[in-house]
Structures are given as C-alpha cells and as structure tokens.
Visitor: 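Dropping a structure here in structure tokens format, bear with me for questions.
To find a chain, count down the sequence lines: A is the first, B the second, and so on, and within it residues start at 1.
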Amino acid sequence: MPELPEVEAVAVALRANLTGRRLDGIRVPFAGVLDQSVRRTRSALVGRILSGVHRHGKYLILAFDPEESVDVEAGEIASNCLMIHLRMTGQIFIQDDYTPDKHVHVILDFAGLPVHYRDIRKFGRLTLVDDPITPSALSHVGPDMLEVRFTSWLDRVADRRAPIKAMLLDQGIAAGLGNIYVDESLFLAGVHPLSRPVDLTRDELHEIWRRAKQVLRLAIRHGGTTFLNFANFHGKPGNFRRKLRVYGRAGQPCRDCRNELVKIQVAGRSSVFCPLCQPAR
DNA sequence: AAGATTACCTGAAGGC
DNA sequence: TGCCTTCAGGTAATCT
C-alpha cells in the first residue's frame, strides 16, 4: 500500500531519470485509470518536456514546461501537469526489460524510456491538472504531513470527536499517512487508536505529531515498506517492513513488552495495537 | 455537518 | 481439487 514514503521513493527516482526528457507518446491499454479522455490527455502532454516532479501527500505530480499556445490572460487554463495517485495497488516501473502484463494500463514513452503504470485493482488515477505546486484538484487536501507545523495541525484536530486514528487517516487534515504508518505512529506515541483528540493532552497530541513525522522520515530512508503491491523504481523492494512494530503483527508479541498485539476495527480499518503500551483512556 | 458507511476492484488465503 | 467466503485499504460518494 503506497503511502507517503513509497510515493516519495517513486518521485525521487522519476525526478532523477526523467527531468528534461520529452514525452514522445502515451499508450493506454486501459483508459479507465485516466480522469480525462485519451485524446485530451495526449493533446495536453505529448511533445512536451518534463520540467519537474513533485509530491504532495500521496499524490505524485509530473510538471511539464509551459505551453505557449495557451492564452492565460484570456482565462484559458493550461493542463501543465499529470497528477498520479497510486491508491491501493498502483506501481510505476521504468526498467527497459519490463514486459507489460494485463495490469499495465498506461505507458508514458519518455524519449525512448517507457514508464509503466501498473495497477492490479484499477483504483489509481491519472489526472490532468493546472498547477504543479497547488493544483486546484487538491484544494480539499490538507498540508503535507512532513511539512505541517504542530500548531497548524493542532488547530485542525483539537476540537474533533472522531477517534485519533480517523483524524490521522483524514487527508484533509494532513496528507500522507495511511493505515500502516498511522498504526506505527500511535504505537510509538503510546496512544490507543480509539482515543479522541478532545480527551488527549496537548503533550500527547504533540507526541503523536512528532512520531508520525519521525516514522515517515525513517521509512523514506529505508526506501519505504514493501508489503503486497509496492515495488520501487527499479523493481527492488523497500526494506522498512522488518522495522514495523505493530502493522501486520496481530497475535504476535509486542516488541517492547511481549504482550500479545490485538486487532480491532477503527474508522473502517483494521488496527493493530498493544493493549499495555497503548492503554485505553 | 461531522462522522459513519459503502462502492470501487482483484488476488491471496482459508474453510470445507 | 475446487468452490466459496473473507480480507486487504485510499478515496469519493452517499448516508445518518
């Protein structure tokens, strides 16, 4: 499941290998993953130079050099970027010897370098957007979890009554955390996933915010977590999986206290935690 | 109006 | 062996 660290790994690799290259063509074996038509997507992007690669939360944004034919002063909006969300099972491969299978839905041909978009469950989307940094398509998404300041984040959660786990998963509050890193963050902070922000102290909330950033940065350094469906740019697995404290370890002993880890449902998601290290309030 | 639930998809895994 | 059910979870849409 690609979350912020996995998307960051893809962004770094694409940036290093594709910046300055021209997009020669787009092949679309399955158009259902495109938000716009194949014709519209091709006419907006083919022939243009990739100028930069950005990431916001779990969103990946490929920015192209400005299109001179668009009359901005006349109110025309340029589709300067391709925004990609991998959702559950999206993968991006670039190696030359990769043979597309039935799950490869889009191939971006960058000056002879094929970039394969593969997605078993077809949840991911590729969307034409206007601005590379603050696209209007992301107006409902909050600040990146790695960037948000504590006071800003606190303002967004302090008066909420849903479980803290639901708040951390809510991309409108801060973007980037998914089920894996939320469970890891709450374990490190020693907070029960059902705790409500209104019942937590400012110090406890600060610890959650700090641990979330810490676990994201650590996962980035390890190339992300390979669980079921993520592989990085070169098809190599990330190696953060063996560092996981609670995710995927229900029934196994807590790495700190050896008590058995428990799985419950919170915000519609399976949630693994340690009843001793993360006591209910 | 926030919070909760469901739809979207496919493959792996477990039960019998 | 094979059929069936359950589970996995990011986001948008739809409920209460």
Side-chain angles (χ1 to χ4, degrees), chain A residues 1-11 29-36 55-61 83-92 100-106 117-127 129 135-145 155-186 193-199 212 216 219 224-231 237-238 240-241 244 246-251 261-273:
Chain A
M1 288 64 77
E3 303 181 27
L4 187 155
E6 291 74 33
V7 179
E8 176 66 14
V10 174
F30 176 70
V33 296
L34 298 183
D35 264 343
Q36 289 82 12
R55 181 194 58 72
H56 185 93
K58 303 168 193 170
Y59 292 86
L60 189 64
I61 299 167
M83 184 172 80
I84 302 173
H85 198 301
L86 303 173
R87 295 280 183 103
M88 301 292 302
T89 54
Q91 300 167 299
I92 290 179
D101 61 12
K102 66 174 181 177
H103 299 302
V104 172
H105 308 310
V106 178
Y117 177 77
R118 182 174 187 268
D119 191 349
I120 292 176
R121 290 165 72 176
K122 300 176 179 172
F123 281 179
R125 287 293 179 271
L126 285 67
T127 311
V129 297
S136 54
L138 290 186
S139 59
H140 63 295
V141 176
D144 190 272
M145 190 64 214
D155 285 344
R156 294 162 180 269
V157 301
D159 58 345
R160 301 288 291 267
R161 277 157 174 74
I164 183 66
K165 166 141 187 174
M167 300 296 92
L168 292 170
L169 286 171
D170 187 339
Q171 305 296 296
I173 292 175
L177 291 172
N179 205 38
I180 296 174
Y181 297 115
V182 166
D183 277 8
E184 295 301 307
S185 302
L186 289 173
L194 282 172
S195 304
R196 301 183 305 165
V198 288
D199 296 326
L216 289 174
T225 303
T226 295
F227 220 69
L228 291 177
N229 292 295
F230 173 76
F240 190 71
R241 182 178 177 177
L244 296 176
V246 288
Y247 183 85
R249 298 191 64 246
L261 298 178
V262 170
K263 175 154 73 174
I264 60 173
Q265 287 287 119
V266 183
R269 297 282 168 262
S270 71
S271 308
V272 183
F273 70 105

Visitor: Take the protein atom CD1 of A:Ile264 and the nucleotide atom P of C:dG9, then report the distance between them rounded to whole Å.
Guide: 13 Å

Visitor: With sequence neighbours left out, what residues match A:Tyr59 under ring-ring contact (aromatic ring centres under 6.0 Å, His included)?
Guide: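 A:Tyr59 satisfies ring-ring contact (aromatic ring centres under 6.0 Å, His included) with A:His85 only.
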
Visitor: Please determine if a side-chain N or O atom of A:His103 lies less than 4.0 Å away from the OP1 or OP2 oxygen of B:dC9.
Guide: no

Visitor: Taking C-beta and beyond as the side chain, do A:Ile180 and A:Glu3 meet within less than 4.5 Å on heavy atoms?
Guide: yes

Visitor: Provide, to the nearest angstrom, the distance between the CD atom belonging to A:Gln91 and the C1' atom belonging to B:dG11.
Guide: 13 Å

Visitor: Roughly how many Å is it from CD1 in A:Ile120 to C1' in C:dG9, rounded to a whole number?
Guide: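 To the nearest whole Å, that distance equals 14 Å.
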
Visitor: Using the side chain to side chain donor-acceptor pair (under 3.5 Å) criterion, which residues pair with A:Arg156? Sequence neighbours excluded.
Guide: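 For A:Arg156 there are no side chain to side chain donor-acceptor pair (under 3.5 Å) partners, ignoring immediate neighbours.
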
Visitor: Kindly say whether A:Asp119 contributes a backbone atom to a donor-acceptor pair with the side chain of A:Thr89 at under 3.5 angstrom?
Guide: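 Not a single qualifying donor-acceptor pair exists.
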
Visitor: Counting just side-chain N and O atoms, does A:Tyr247 come under 4.0 Å of either OP1 or OP2 of C:dA8?
Guide: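 Checking A:Tyr247 against C:dA8: no side-chain N or O falls below 4.0 Å of OP1 or OP2.
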
Visitor: Below 3.5 Å is the cut-off: list the nitrogen or oxygen pairs between protein and nucleotides 1-3 of chain B, distance only.
Guide:
residue, atom, partner, partner atom, Å
B:dG3, OP1, A:Arg161, N, 2.7
B:dG3, OP1, A:Ala162, N, 3.3
B:dG3, OP2, A:Arg160, NE, 2.5
B:dG3, OP2, A:Arg160, NH2, 2.7

Visitor: How far does the C1' atom of C:dG10 sit from the matching atom of B:dA13, given to the nearest Å?
Guide: 22 Å

Visitor: Identify, with sequence neighbours excluded, every residue that meets side chain to side chain contact (heavy atoms under 4.5 Å, CB included) alongside A:Pro100.
Guide: A:Val104, A:Ile107, A:His116

Visitor: Return no unless some side-chain N or O of A:Ser270 is found under 4.0 Å from OP1 or OP2 of C:dG9.
Guide: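 Looking at the OP1 and OP2 atoms of C:dG9, one of them is under 4.0 Å from a side-chain N or O of A:Ser270.
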
Visitor: Between C:dT11 and B:dA12, how far is it from one P atom to the other, in whole Å?
Guide: 24 Å

Visitor: With sequence neighbours excluded, tell me which residues meet side chain to side chain contact (heavy atoms under 4.5 Å, CB included) with A:Asp155.
Guide: none

Visitor: What is the distance, to the nearest angstrom, from the NZ atom on A:Lys122 to the C1' atom on C:dG9?
Guide: 18 Å

Visitor: Quick one: which of B:dC8, B:dG11, C:dA8 gets closest to the side chain of A:Lys102?
Guide: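 Between B:dC8, B:dG11, C:dA8, the one nearest the side chain of A:Lys102 would be B:dG11.
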
Visitor: Nearest-Å distance, CG (A:Asp101) to P (B:dG11)?
Guide: 10 Å

Visitor: To the nearest Å, how far apart are A:Arg121 CZ and B:dG11 P?
Guide: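 Rounded to the whole Å, the gap is 10 Å.
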
Visitor: Given atom NZ of A:Lys263 and atom P of C:dC7, what is their separation to the nearest angstrom?
Guide: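 After rounding, the reported distance stands at 8 Å.
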
Visitor: Evaluate the side chain to side chain contact (heavy atoms under 4.5 Å, CB included) criterion for residues A:Leu4 and A:Arg55: first the C-alpha distance (whole Å), next the side-chain angles of each, then the deciding distance (0.1 Å), finally the verdict.
Guide: CA-CA 9 Å; A:Leu4 187 155; A:Arg55 181 194 58 72; 3.2 Å; yes

Visitor: Using salt bridge (Lys or Arg N to Asp or Glu O under 4.0 Å) as the criterion, list what pairs up with A:Asp101, not counting sequence neighbours.
Guide: A:Arg118

Visitor: With sequence neighbours left out, write down each residue that passes side chain to side chain contact (heavy atoms under 4.5 Å, CB included) with A:Ala158, or none if nothing qualifies.
Guide: A:Leu154

Visitor: Separation of A:Ile180 atom CD1 from C:dA8 atom P, in whole Å?
Guide: 12 Å

Visitor: Could you tell me which residues satisfy salt bridge (Lys or Arg N to Asp or Glu O under 4.0 Å) with A:Lys165, sequence neighbours excluded, listed by chain and number?
Guide: A:Asp183

Visitor: Walk along nucleotides 11-16 of chain C from 5' to 3' and tag each nucleotide B, S or - by protein heavy-atom contact under 4.0 Å, base first, then sugar-phosphate.
Guide: BS----

Visitor: Can you give the dot-bracket line for DNA chain C, using ( ) for pairs inside the strand, [ ] for pairs that cross earlier ones, | for pairs with another strand and . for unpaired bases, where Watson-Crick and G-U count if both distances are under 3.5 Å?
Guide: .|||||||.|||||||

Visitor: I'd like the P distance from B:dC9 over to C:dC3, given in whole Å.
Guide: 24 Å

Visitor: Give every donor-acceptor pair under 3.5 Å between a side-chain atom in residues 167-175 of chain A and any protein atom, sequence neighbours left out.
Guide:
residue, atom, partner, partner atom, Å
A:Asp170, OD1, A:Gly172, N, 2.8
A:Gln171, OE1, A:Gly176, N, 2.9
A:Gln171, NE2, A:Leu169, O, 3.0
A:Gln171, NE2, A:Leu177, O, 2.9

Visitor: Among residues at least two apart in sequence or on other chains, which ones pass side chain to side chain donor-acceptor pair (under 3.5 Å) with A:Thr127?
Guide: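 With sequence neighbours excluded, A:Thr127 shows a side chain to side chain donor-acceptor pair (under 3.5 Å) to A:Asp35, given in chain and number order.
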
Visitor: Can you tell me, in whole Å, how much space there is between the P of B:dT6 and that of C:dT6?
Guide: 14 Å

